[in-house]
A.B. asks: 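Quick one: the structure is below, questions incoming.
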Amino acid sequence: MSRPKIQNYKGCGLSKGKEREQRASIRFKTTPINTLMDVLRNRPGWVEVKDEGEWDFYWCDVSWLRENFDHTYMDEHVRISHFRNHYELTRKNYMVKNLKRFRKQLEREAGKLEAAKCDFFPKTFEMPCEYHLFVEEFRKNPGITWIMKPVARSQGKGIFLFRRLKDIMDWRKDTRNSDDQKEEIPVENYVAQRYIENPYLIGGRKFDLRVYVLVMSYIPLRAWLYRDGFARFSNTRFTLNSIDDQYVHLTNVAVQKTSPDYHPEKGCKWMLQRFRQYLASKHGPQAVETLFSDMDNIFIRSLQSVQKVIISDKHCFELYGYDILVDQDLKPWLLEVNASPSLTASSEEDYELKTCLLEDTLHIVDMEARLHQ
């Protein structure tokens with residue numbers, strides 16, 4: 001069989017090791033019904049498995065992983081779409097904890113200059129356990145804006161901005177339950193993060209970037225960066241005068257599509273190539289190259305920060321969705337990493353992007369064992 005073209009990923013080479021036997025038929029299972037299902041059903045030789053049938057490839061959700069991974073026997077060739085403890089990178093509090101630890105490690109081993117390469121995430125505190133540390137930092141910089149995010153929710157749920165301590169006092173009181181109540185209702189953890197008050201604006205609107213990174217192994221670290229992605233725009237012009245307006249400050253499509261001004265056909269996305277061209281016209285190609293090189297640094301350092309804590313099982317791979325904010329100085333900031341980035345298309349252009357993304361991902365996962373050393 002011919003080697004499939006992998007046109008839009010860049011990354012390291014194939015792993016060394018024993019050549020796998022080529023397979024004529026791949027039994028697959030998946031839970032999401034979206035572009036992923038279309039790609040899997042149209043892949044030659046792939047057959048969908050229902051219910052409890054045996055499978056070779058499972059694009060599972062994280063809840064299945066949590067409940068079943070430790071009790072499931074997998075043959076050598078079997079692959080699933082998450083690492084066992086993916087949350088070390090994809091839960092907001094764990095991500096920051098691991099990045100802080102990695103930064104300290106770099107400072108000890110390689111000096112402050114090398115450690116400074118990890119200065120790509122805003123100052124962050126886990127709540128409620130670091131509440132007192134947060135208050136100390138808050139009082140050092142009165143008047144700046146902070147953002148509160150639940151550590152394990154997505155699509156902008158539970159997020160709010162604040163500038164006064166009393167704005168979060170109700171939240172703080174809710175976490176100080178009696179011991180009996182704590183046993184019944186676990187406290188939901190949040191992170192309090194310094195809000196980037198000077199985002200780069202296009203047409204007066206805030207945006208962030210969604211970039212995809214495929215990890216095939218953590219030991220050794222083998223990752224592929226997808227060349228395409230998109231910028232997600234807010235529907236309302238940016239201002240710091242209305243910190244309660246989620247349509248100004250949150251770029252999540254799930255939030256923006258509820259805006260009264262949202263246009264379902266236009267959406268609120270630019271493809272990454274269009275964004276690059278816009279920046280090049282404003283700042284020149286060298287500034288764009290520097291920005292994207294700095295983003296590459298974010299991807300590499302963040303993966304290195306969890307390399308020793310993620311369980312690198314040969315059956316696992318993961319397609320991460322990175323959310324990056326660019327400020328007025330063209331500095332990229334890591335906001336979060338998603339373990340289950342949305343694969344539902346919001347437009348025809350979005351459908352094409354995600355279809356190609358998934359096809360190239362499956363080429364690299366290589367269930368057919370076409371890619372030889």
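Computed over heavy atoms, backbone and side chain alike; hydrogens, waters and symmetry mates excluded.
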A.B. asks: Side-chain contact test, heavy atoms from C-beta onward, threshold under 4.5 Å: evaluate it for Phe69 versus Met74 and give yes or no.
C.D. replies: yes
A.B. asks: Would you say Leu225 ends up clustered with Leu335 if hydrophobic residues are merged whenever their side chains have heavy atoms under 4.5 Å apart, either directly or through other cluster members?
C.D. replies: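 No, Leu335 does not connect to Leu225 through the hydrophobic network.
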A.B. asks: May I ask you to test the Val62-Thr90 pair for a side-chain heavy-atom distance under 4.5 Å?
C.D. replies: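 Heavy-atom side-chain distance check fails, nothing below 4.5 Å.
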A.B. asks: Do the side chains of Tyr226 and Leu214 get nearer than 4.5 Å, heavy atoms only?
C.D. replies: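 They are not in contact (no side-chain heavy atoms under 4.5 Å apart), so the answer is no.
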A.B. asks: State the CZ-NE2 distance between Arg43 and His363, to the nearest 0.5 angstrom.
C.D. replies: 5.0 Å
A.B. asks: Hydrophobic clustering (ILVMFWY, side-chain heavy atoms < 4.5 Å, transitive) - are Ile196 and Met148 grouped together?
C.D. replies: no
A.B. asks: What are the two closest heavy atoms between Arg210 and Pro341, and how far apart are they?
C.D. replies: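 Minimum heavy-atom contact is NH1-CB, 3.4 Å.
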A.B. asks: Go through the steps to decide whether Cys118 and Leu106 satisfy the test side chain to side chain contact (heavy atoms under 4.5 Å, CB included), and finish with yes or no.
C.D. replies: CA-CA 9 Å; Cys118 287; Leu106 283 178; 3.7 Å; yes
A.B. asks: In this structure, are over 12 heavy atoms from other groups packed under 6.0 Å from Lys282 atom NZ?
C.D. replies: no
A.B. asks: With no hydrogens and no angle check, is any side-chain donor or acceptor of Lys206 less than 3.5 Å from a backbone partner on Leu325?
C.D. replies: no
A.B. asks: Does Asn189 use its side chain to pair, donor to acceptor, with the backbone of Glu126 at less than 3.5 Å?
C.D. replies: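 Looks like no, no N/O pair under 3.5 Å.
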A.B. asks: Between Ser25 and Val47, what is the shortest heavy-atom contact and its length?
C.D. replies: OG-CG2, 3.9 Å
A.B. asks: For atom CD of Gln328, is the number of surrounding heavy atoms from other residues, nucleotides or ligands below 6.0 Å larger than 12?
C.D. replies: yes
A.B. asks: Ring pair (Phe, Tyr, Trp, His ring centres under 6.0 Å) with Phe57: which residues, sequence neighbours excluded?
C.D. replies: Trp46, Phe317
A.B. asks: Between Tyr212 and Thr361, does the side-chain hydrogen bond (donor to acceptor under 3.5 Å, both in side chains) criterion hold? Intermediate values first, please.
C.D. replies: CA-CA 10 Å; Tyr212 299 98; Thr361 296; over 6 Å; no
A.B. asks: Do side-chain atoms of Lys92 reach the backbone of Glu336 as a donor and acceptor pair under 3.5 angstrom?
C.D. replies: no
A.B. asks: Quick one: side-chain contact (heavy atoms from CB on, under 4.5 Å) partners of Lys104, sequence neighbours excluded?
C.D. replies: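 Arg108.
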A.B. asks: Test your reading of the model: is there a side-chain donor-acceptor pair from Arg222 to the backbone of Ser217, 3.5 Å cut-off?
C.D. replies: no
A.B. asks: Listed by chain and number, what are the ring pair (Phe, Tyr, Trp, His ring centres under 6.0 Å) partners of Tyr58, not counting sequence neighbours?
C.D. replies: Trp55, Trp64
A.B. asks: Restricting to non-hydrogen atoms, name the atom on Asn297 and the atom on Lys117 that form the minimum distance, rounded to 0.1 Å.
C.D. replies: ND2-O, 2.8 Å
A.B. asks: Against the six-membered ring of Tyr87, is Lys97 placed for a cation-pi contact (under 6.0 Å from the centre, within 45° of the normal)?
C.D. replies: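 The answer is no, since Lys97 fails at least one limit relative to Tyr87.
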A.B. asks: For atom CD1 of Ile219, decide whether the heavy atoms of other residues, nucleotides or ligands shown that lie under 6.0 angstrom number more than 12.
C.D. replies: yes
A.B. asks: Do Leu362 and Leu357 land in one hydrophobic cluster if side-chain heavy atoms of ILVMFWY residues count as linked below 4.5 Å?
C.D. replies: yes
A.B. asks: Is there side-chain contact between Asp61 and Ser340, with at least one heavy-atom pair below 4.5 Å?
C.D. replies: no
A.B. asks: Is the shortest side-chain heavy-atom distance between Glu359 and Thr355 below 4.5 Å?
C.D. replies: yes
A.B. asks: Are any side-chain N or O atoms of Arg101 and backbone N or O atoms of Ser305, one a donor and one an acceptor, separated by less than 3.5 Å?
C.D. replies: yes
A.B. asks: Does a side-chain heavy-atom distance below 4.5 Å link Leu65 with His86?
C.D. replies: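 Result yes, sub-4.5 Å side-chain heavy-atom pair found.
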A.B. asks: Measure up the Phe162 and Phe160 rings against each other and bin them: parallel (under 30°), tilted (30 to 60°), perpendicular (over 60°).
C.D. replies: tilted
A.B. asks: Starting from the C-alpha separation in whole Å, work towards a yes-or-no answer on side chain to side chain contact (heavy atoms under 4.5 Å, CB included) for Trp146 and Glu137.
C.D. replies: CA-CA 11 Å; Trp146 293 80; Glu137 180 67 26; 3.9 Å; yes
A.B. asks: Report yes or no: is the cationic atom of Arg276 (NZ for Lys, CZ for Arg) under 6.0 Å from the centre of the six-membered ring of Phe292, at an angle within 45° of the ring normal?
C.D. replies: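 Flagged: Arg276 positioned over aromatic ring of Phe292.
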A.B. asks: Under a 3.5 Å distance rule, please check whether Lys29 uses its side chain to pair with a backbone N or O of Gly53 as donor and acceptor.
C.D. replies: no
A.B. asks: Quick one: does Thr35's side chain have a donor or acceptor within less than 3.5 Å of a partner on Tyr351's backbone?
C.D. replies: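 The answer is no, because no donor-acceptor pair under 3.5 Å joins these two groups.
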A.B. asks: Between His77 and Asp56, is there a donor-acceptor pair closer than 3.5 Å when you use the side chain of the first and the backbone of the second?
C.D. replies: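 Not a single qualifying donor-acceptor pair exists.
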A.B. asks: Take atom CD in Glu197; do more than 12 heavy atoms of anything else shown fall under 6.0 Å from it?
C.D. replies: yes
A.B. asks: Give me the atom names and distance for the closest heavy-atom approach of Ile26 to Met367.
C.D. replies: CD1-O, 3.7 Å
A.B. asks: Grab the two heavy atoms, one from Leu272 and one from Leu209, that are nearest each other, plus how far apart they are.
C.D. replies: CD1-CD2, 4.1 Å
A.B. asks: Nearest 0.5 angstrom please: Arg79 CZ to Asp366 CG, how far?
C.D. replies: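 One finds 9.0 Å between CZ of Arg79 and CG of Asp366.
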A.B. asks: If a pair satisfies salt bridge (charged side-chain N to carboxylate O under 4.0 Å, His left out) and one of its residues is in residues 310-321, list it, with sequence neighbours excluded.
C.D. replies: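 Only Glu76-Lys314 qualify under salt bridge (charged side-chain N to carboxylate O under 4.0 Å, His left out).
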A.B. asks: In this structure, would Phe102 and Ile311 fall into the same cluster of hydrophobic residues linked by side-chain contacts under 4.5 Å?
C.D. replies: no
A.B. asks: If you define the side chain from C-beta out and look only at heavy atoms, does anything of Lys269 sit under 4.5 Å from Arg274?
C.D. replies: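 Not touching, per the 4.5 Å side-chain cut-off.
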A.B. asks: Give a yes or no on whether a salt bridge exists between Arg301 and Glu114, defined as a side-chain N under 4.0 angstrom from a carboxylate O.
C.D. replies: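 Judged by the 4.0 Å cut-off on N to carboxylate O distance, Arg301 and Glu114 do form a salt bridge.
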A.B. asks: Indicate whether the side chain of Ser346 and that of Asp350 have a donor and an acceptor atom separated by less than 3.5 Å.
C.D. replies: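 Yes, side-chain donor-acceptor contact under 3.5 Å.
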A.B. asks: Identify which one of Phe233, Phe207, Phe230 satisfies the ring pair (Phe, Tyr, Trp, His ring centres under 6.0 Å) criterion when paired with Phe275.
C.D. replies: Phe207
A.B. asks: Measuring only between side-chain heavy atoms, which start at C-beta, is Cys316 closer than 4.5 Å to Arg84?
C.D. replies: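 Of all side-chain heavy-atom pairs linking Arg84 with Cys316, none is under 4.5 Å.
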A.B. asks: In Å, rounded to the nearest 0.5 Å, how long is the span from CZ of Phe134 to CD of Gln193?
C.D. replies: 11.5 Å
A.B. asks: Go through the steps to decide whether Ile80 and Thr72 satisfy the test side chain to side chain contact (heavy atoms under 4.5 Å, CB included), and finish with yes or no.
C.D. replies: CA-CA 11 Å; Ile80 60 171; Thr72 303; over 6 Å; no
A.B. asks: Can you name the ring pair (Phe, Tyr, Trp, His ring centres under 6.0 Å) partners of Tyr278, sequence neighbours left out?
C.D. replies: Trp270
A.B. asks: What is the ring orientation for Phe83 with Tyr218, classed by angle as parallel under 30°, tilted 30 to 60°, or perpendicular over 60°?
C.D. replies: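 Rings of Phe83 and Tyr218: perpendicular, as their planes differ by over 60°.
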A.B. asks: Taking Asp327 for its side chain and Asp329 for its backbone only, find out whether a donor-acceptor pair lies under 3.5 Å.
C.D. replies: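 Checked: pair present.
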A.B. asks: Taking Val215 as the starting point, is it possible to reach Ile300 by hopping between hydrophobic residues whose side chains are less than 4.5 Å apart?
C.D. replies: no
A.B. asks: Taking ring pair (Phe, Tyr, Trp, His ring centres under 6.0 Å) as the test, write out the residues that go with His283, two or more places apart.
C.D. replies: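 Per chain and number, His283 pairs via ring pair (Phe, Tyr, Trp, His ring centres under 6.0 Å) with Tyr200.
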A.B. asks: Report the distance from atom NZ of Lys331 to atom CG of Leu291, rounding to the nearest 0.5 Å.
C.D. replies: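 So the NZ of Lys331 and the CG of Leu291 are separated by 11.0 Å.
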A.B. asks: Sub-3.5 Å donor-acceptor pair from the side chain of Ser293 to the main-chain atoms of Thr290, do we have one?
C.D. replies: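 No.
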A.B. asks: Which pair of non-hydrogen atoms, one from Tyr320 and one from Leu303, has the smallest distance, and what is that distance?
C.D. replies: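 Answer, listing the atom of Tyr320 first, then Leu303: CE1-CD2, 4.3 Å.
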A.B. asks: Does CD belonging to Glu130 count more than 12 external heavy atoms closer than 6.0 Å?
C.D. replies: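 Check passes, neighbour count above 12.
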A.B. asks: Test Val365 against Met216 for side chain to side chain contact (heavy atoms under 4.5 Å, CB included), laying out the working first.
C.D. replies: CA-CA 7 Å; Val365 173; Met216 294 299 297; 4.0 Å; yes
